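Sharing a structure here in structure tokens format.
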Amino acid sequence: MGKAITVRGKSVEQAIETALNILCLDLSDVHIHVNKTADSSGYSESARFAEVTVTPVRYHALVSEVPVDESGQPGVRIRGGRVEVHAASADSLPSIEAGDGALVIVNGEKIDGRKRVSESDIVHIRTIDELTRAQLSISVREHGALALLTVSPGKKITRTVKDTEYTCNLAVETNDVHEVVNDVSQRMIRDACEQLGISAPLDKRVLWEACETVVPYEAIIARGIFPKPGLDGDVEVQIDVDGITLADEGKVNYREQTSMQLVQSGQLVAAVLPPIPGQSGEDVFGNEIPAEDGKTATIRLGKNVVQTGNHIFANCSGNLVLERMDHAIFIDIADSLEVDEVNFASGNIHFDGDVTVKGSVSHGCLLDVTGVLEIGGEVSKAEVFAGKAIHVAGHVSSSTVEMGQQQSPDAKYAIELEGMLPILCKLGSFIQDIAAFRKVELSSLDGQELKKLFRIGFGDSYSAFQEQLQTFSQRREPIPTDSDWHELQSTLYNIFVNTLNSGVKDGREFLDLVSKAQQMAARHLPKRTSTTERLSLPYAVNSTLKCAGTIEITGNGLAQCNVHAQLDLLAEGVCRGGELVADRHVSIRECGSKRGGQTIVRTSEEGSIVIGIAHAGTVLMVGEQSYHLLKTQIGVSAKIHNGVLTVR
């Protein structure tokens, strides 16, 4: 066996022919190993050529000395890679042909197809090994920000000739051994990236995995810097919609977690956020990748809002409406509110304006409005307050319904503060007397000494006043327009409840506080109600109804209710049990029960009472005078004439 040579060519056949010319040998005198075939789609220039290794070797023809096989028929067989031929006669020669991966050479010439051979022919068999090298490719994606490496391992096929028995027609077959080959190196990958101009750092883990893989492999070999797009301009809502917070009360009232965003006139409701420019990136070649800048927000203002600079203010009290549509932001303040239901999902509702509830007001909910309230369903175990009028289409059960009694949040603070002002004024006079008795200035009475003097001045009633003041200090009505309320609450709490803080510096500062409280109460106390205010509903049971104007019962009537109308009470149905009060006039179709039970009907000294049917047990009260009906009467009227209650 001679020295092997490796030759490249545009094809395997051309490479073999070149090698034979160099060695001056025939095809039958060499062993051929195909290292790789030509591949025009290869990444590098060298992959376009085939490569073979040719080894000189001479096999001498083997004259068969083997006797005719047991069948007595001529034949040809392969033993240890050699061909043995036995022919019975010249007229019956066996034939041989090459199979896949093998060459048959007869008398120095490669045969194509089937060839008859005799014992005098020199027959050689050459196997063709195959080697397909691994392929690598690099593609750039995402506008150059990523470089993707793909590696496909190659394969090596080593062939040996199969031994056969004698046969008249022999097809040469081979035993193939397949082996996965990955001859990709890190240097090859680095060179490929360099040829493409990639300057970004290469991932060392990917380099190692790509050279070790025996299956198709794909991974990001290099990364650039992705651009960061800018942010579009937007509108940031500036109001608190969460109601009472944990910091305020130590716990959260989830019925106050309303999704409606209620605002007061003049309140800052939103701020315009300018767009933010984008940040450019860099691709794997070191080039800049431009970024898209944010766009200025398109804002459309409704009739009840005004924009000053980058701030948006409410022109009226109402519900903030913020909608995004067609790449624009629409902002408006609705001066009336319409909801489907008042329940746990909607939360309690406090609204400065008119409200329409299409459905019912559910258990445990609060509905507090300053305008006209329309309720299309029922009211069950709830609290309902309105400033101008209430119309309930359904029944009212186990609820409190007040009209004209509850006002704006500031008015509620003022009403509660009004009840404490007489005591605060007396305390002011008390410390003035102390200072006069001592012949000192009020400024000499410091805050801690005032606490002691107040306890002495109150005596046993100090604890009751503390409880009353603590209730006021913990009031958290939504969005009062006067910001001084919270400061006043905090100061009074520190003076009378908090033992660690004096609240005021001295007596003079306390008198200034009392004066400020009087001014705030006078400024926010509700005005006298008008006669047009009306509370209207068909039927109520076990409920409290109050109205600064007229209460009108349009349906079945009342059962075990406490009712107070500052003007008139007009009931078309039957009123049984409870206390029914109207300061000006009471008109009831039927009052009391046939089975007895007390029903109290009351009016002021100037008022009057008219009842169509009054059952026994009904008590009529006009001013301080009363009259008990002992039997059922029809057409009852009660009024004071000349200082005497007259019942007819």
Side-chain angles (χ1 to χ4, degrees), residues 6 8-10 35-51 131-156 179-236 271-299 310 324 326-329:
T6 301
R8 290 181 179 179
K10 292 184 178 180
N35 295 331
K36 66 178 182 179
T37 59
D39 184 5
S40 60
S41 63
Y43 177 79
S44 63
E45 185 70 23
S46 61
R48 300 178 182 177
F49 296 95
E51 183 181 280
L131 175 63
T132 303
R133 296 193 180 279
Q135 303 293 319
L136 71 90
S137 65
I138 299 174
S139 59
V140 179
R141 301 182 178 181
E142 300 295 336
H143 303 289
L146 298 176
L148 181 68
L149 170 65
T150 302
V151 174
S152 299
K155 64 179 179 179
K156 179 180 180 182
E179 181 182 356
V180 177
V181 176
N182 183 4
D183 54 352
V184 172
S185 65
Q186 293 191 21
R187 173 48 52 192
M188 293 172 61
I189 299 174
R190 292 182 184 276
D191 290 345
C193 291
E194 185 176 350
Q195 290 180 20
L196 287 175
I198 295 175
S199 59
L202 304 184
D203 192 320
K204 295 181 179 179
R205 179 185 61 83
V206 174
L207 284 172
W208 181 85
E209 291 178 351
C211 296
E212 296 295 326
T213 185
V214 292
V215 296
Y217 178 80
E218 188 175 77
I220 303 298
I221 185 66
R223 300 174 184 268
I225 301 174
F226 280 91
K228 295 182 179 180
L231 297 178
D232 292 341
D234 203 349
V235 171
E236 183 179 47
V272 180
L273 303 180
I276 299 176
Q279 298 180 13
S280 61
E282 184 178 291
D283 62 20
V284 294
F285 307 108
N287 303 317
E288 180 183 3
I289 303 177
E292 185 177 354
D293 293 334
K295 300 178 181 178
T296 303
T298 302
I299 301 174
N310 288 331
R324 300 176 187 272
D326 298 330
H327 306 289
I329 302 172

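All figures in this text were calculated on a predicted structure; none of them were measured in a lab. Position 1 is the first residue of the sequence; numbering continues from there.
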(request) Mind checking the CD1-CG spacing from Ile220 to Leu202? Nearest 0.5 Å is all I need. (result)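 One gets 12.5 Å once the value is rounded to the nearest 0.5 Å.
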
(request) Using the test side chain to side chain contact (heavy atoms under 4.5 Å, CB included), find all partners of Gln279 that sit at least two apart in sequence or belong to another chain. (result)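 With sequence neighbours excluded, Gln279 shows a side chain to side chain contact (heavy atoms under 4.5 Å, CB included) to Lys228, given in chain and number order.
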
(message) Looking at every heavy atom in both Asn182 and Ala210, which two are closest together, and how far apart are they?
(response)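 Reported closest heavy-atom pair: ND2-O, 3.1 Å.
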
(message) Looking at every non-hydrogen atom in both residues, tell me the closest pair between Pro290 and Ser280 and how far apart they are.
(response)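 Taking every non-hydrogen atom into account, CA-CB, 4.3 Å.
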
(message) Rounded at 0.5 Å granularity, tell me how far OG in Ser199 sits from CG in Asn287.
(response)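 If we round to the nearest 0.5 Å, Ser199:OG and Asn287:CG are 7.5 Å apart.
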
(request) Would you give the length of the straight line joining atom CG of Asp293 to atom CG of Leu231, rounded to the nearest 0.5 angstrom? (result)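 Asp293 atom CG to Leu231 atom CG measures 11.0 Å (nearest 0.5 Å).
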
(request) Not counting sequence neighbours, which residues clear salt bridge (charged side-chain N to carboxylate O under 4.0 Å, His left out) with Glu282? List them please. (result)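 Not a single residue meets the salt bridge (charged side-chain N to carboxylate O under 4.0 Å, His left out) criterion with Glu282.
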
(request) Might you point out which heavy atoms bring Leu196 and Phe285 nearest each other, and give the distance in Å? (result)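 Heavy atoms only, the tightest pair is O-CE2, 3.4 Å.
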
(request) Looking only at non-hydrogen atoms, find the nearest pair between Ser185 and Cys211 and report the distance. (result)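 Answer, listing the atom of Ser185 first, then Cys211: C-SG, 3.4 Å.
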
(request) Kindly give the heavy-atom pair with the smallest separation between Lys295 and Glu292, and that separation in Å. (result)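 Taking every non-hydrogen atom into account, CE-OE2, 4.1 Å.
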
(request) Could you point out which residue of Val284, Leu207, Leu148 forms a side-chain contact (heavy atoms from CB on, under 4.5 Å) with Ile221? (result)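 Among the candidates, only Leu207 passes.
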
(message) So Glu51 and Thr6, do their side chains get closer than 4.5 Å, heavy atoms only?
(response)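 Side chain of Thr6 against side chain of Glu51, heavy atoms only: contact under 4.5 Å found.
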
(message) Checking Asp234 now: which residues fulfil salt bridge (charged side-chain N to carboxylate O under 4.0 Å, His left out) with it, not counting sequence neighbours?
(response)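 Partners of Asp234 under the salt bridge (charged side-chain N to carboxylate O under 4.0 Å, His left out) test: Arg324.
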
(message) Going by the rule salt bridge (charged side-chain N to carboxylate O under 4.0 Å, His left out), which residues pair with Arg190 if we only count those two or more places apart in sequence or in a different chain?
(response)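 Testing Arg190 for salt bridge (charged side-chain N to carboxylate O under 4.0 Å, His left out), a comparison that skips the adjacent residues, returns none.
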
(request) Let me see the working for Tyr217 and Thr150 under side-chain contact (heavy atoms from CB on, under 4.5 Å), right down to the final yes or no. (result) CA-CA 6 Å; Tyr217 178 80; Thr150 302; over 6 Å; no

(message) How about CD on Gln186, more than 12 heavy atoms from neighbouring residues, nucleotides or ligands closer than 6.0 Å, or not?
(response)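 Counting other residues, nucleotides and ligands, CD of Gln186 exceeds 12 neighbours.
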
(message) Would you compute the distance between atom CD1 of Ile225 and atom CD1 of Ile289 and round it to the nearest 0.5 angstrom?
(response)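 Taking CD1 in Ile225 and CD1 in Ile289, the distance rounds to 9.0 Å.
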
(request) For the pair Asp183 (side chain) and Ala134 (backbone), establish whether a donor and an acceptor sit closer than 3.5 Å, ignoring hydrogens and angles. (result)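 Yes; judged by distance alone, with no hydrogens or angles, the pair exists.
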
(request) Output the distance between atom CG (Asp232) and atom CG (Leu273), rounded to the nearest 0.5 Å. (result)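 Interatomic distance, Asp232 CG to Leu273 CG, rounded to 0.5 Å: 11.5 Å.
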
(message) My understanding is that only residues two or more places apart in sequence, or in another chain, count here; which of them pass salt bridge (charged side-chain N to carboxylate O under 4.0 Å, His left out) with Arg223?
(response)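 Arg223 satisfies salt bridge (charged side-chain N to carboxylate O under 4.0 Å, His left out) with no residue once adjacent residues are dropped.
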
(message) What's the separation between atom SG in Cys193 and atom CG in Leu149, rounded to the nearest 0.5 Å?
(response)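 Rounded to the nearest 0.5 Å, the SG-CG separation comes to 7.0 Å.
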
(message) If I compare all heavy atoms of Pro153 with all of Thr213, which pair ends up nearest, and what's the gap?
(response)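 Minimum heavy-atom contact is CG-O, 4.0 Å.
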
(message) Quick test of your reading: applying salt bridge (charged side-chain N to carboxylate O under 4.0 Å, His left out), list the pairs with at least one residue in residues 197-222, sequence neighbours left out, ordered by first then second residue.
(response)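 The answer is Arg205-Glu209.
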
(request) Verify, without hydrogens or angle tests, whether Asn35 (side chain) and Arg8 (backbone) share a donor-acceptor contact under 3.5 angstrom. (result)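 Checking the backbone N and O of Arg8 against the side chain of Asn35, no donor-acceptor pair under 3.5 Å is found.
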
